[in-house]
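Below is one structure; the comments refer to it alone.
In this chain, residues are counted from 1 in sequence order. Bear in mind the structure is a predicted one, so any value in this text is a computation, not a measurement. Atoms considered below: every heavy atom in the structure, side chains included; atoms not considered: hydrogens, waters and symmetry mates.
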Amino acid sequence: MNLKTILAAALAVVALTGCEDLLEEDNMQPDGSKPSLTINNPTGNQSVNQEQGLRVFVTAVDKDAVKKLDFKINGNETTFISFSRTPDRNVIELDTLVSTDNLKPGTYQLHVRATDGRTNISDQMVNFNVK
């Protein structure tokens with residue numbers, strides 16, 4: 001073998017060793033790349049009518065696909081509404097109307113959590129008022 005062949009083979013081994021994480025499909029450990037999560041609606045301290053409900057509009061983006069979106073509406077340390085979606089896509093825009101019939105007038109918090117395919121988590125929260 002000549003020197004060029006030996007160097008090329010050594011370089012290939014080093015390059016493939018560096019890509020080991022990419023080749024392991026079963027590796028579901030967090031990689032530090034959290035999903036990008038934005039609550040578009042409601043906005044901070046927005047007031048909503050109890051009869052009209054709450055428009056929830058969120059955007060989530062992740063290179064490893066967003067596997068789960070969890071939604072909670074809390075008030076006074078109590079969870080009043082909780083639901084989840086499992087989109088399994090890289091880009092999600094979820095726009096839905098949530099009934100607020102069982103919420104009394106007051107201040108509440110919408111908490112949204114996005115989990116990607118490698119178990120990285122992003123959390124966003126926004127307060128809103130029911131009148």
Calculate, to the nearest 0.5 Å, the distance between atoms [atom1] and [atom2] belonging to [X] and [Y] respectively.
X      : Y      : atom1 : atom2 : value
Asn41  : Phe57  : CG    : CZ    : 8.5 Å
Asp62  : Lys34  : CG    : NZ    : 12.0 Å
Thr115 : Arg118 : OG1   : CZ    : 14.5 Å
Lys104 : Gln50  : NZ    : CD    : 10.0 Å
Asn127 : Asn45  : CG    : CG    : 5.5 Å
Asn129 : Ser47  : CG    : OG    : 4.5 Å

Which pair of heavy atoms, one from Asn74 and one from His111, lies closest together, and at what distance?
ND2-CB, 4.3 Å

Measure across Ala114 and Pro35 and return the closest heavy-atom pair with its distance rounded to 0.1 Å.
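The answer is O-CG, 3.8 Å.
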
Which is it for Arg55 and Asp95 under the side-chain contact (heavy atoms from CB on, under 4.5 Å) test, yes or no, and what are the steps along the way?
CA-CA 7 Å; Arg55 178 180 177 223; Asp95 193 356; 2.8 Å; yes

Asn76 atom CG, over 12 foreign heavy atoms within 6.0 Å:
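No - once you tally the heavy atoms of other residues, nucleotides and ligands closer than 6.0 Å, there are 12 at most.
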
Who else is in Val58's hydrophobic cluster (ILVMFWY, side-chain heavy atoms under 4.5 Å, direct or via others)?
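Val58 shares its hydrophobic cluster with Leu37, Ile39, Val48, Leu54, Val56, Val66, Leu69, Phe71, Ile73, Phe80, Ile81, Phe83, Ile92, Leu94, Val98, Leu103, Tyr108, Leu110, Val112, Val126, Phe128, Val130.
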
Apart from Met125 itself, residues in the same hydrophobic cluster as defined by side-chain heavy atoms under 4.5 Å:
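Met125 shares its hydrophobic cluster with no other residue.
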
Residue pairs fulfilling salt bridge (Lys or Arg N to Asp or Glu O under 4.0 Å) with at least one residue in residues 122-131, sequence neighbours excluded
Arg113-Asp123

Please list, chain by chain and in numerical order, all residues satisfying salt bridge (charged side-chain N to carboxylate O under 4.0 Å, His left out) with [X], sequence neighbours excluded.
X     : answer
Lys68 : Asp70
Lys63 : Asp31
Arg85 : none

Can any side-chain N or O of Asp88 pair as donor or acceptor with the backbone N or O of Lys67 at less than 3.5 Å?
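Such a contact is absent between Asp88 side chain and Lys67 backbone.
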
Do you see a donor-acceptor pair shorter than 3.5 Å between the side chains of Thr59 and Asn40?
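Side-chain D/A pair, Thr59 to Asn40: present.
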
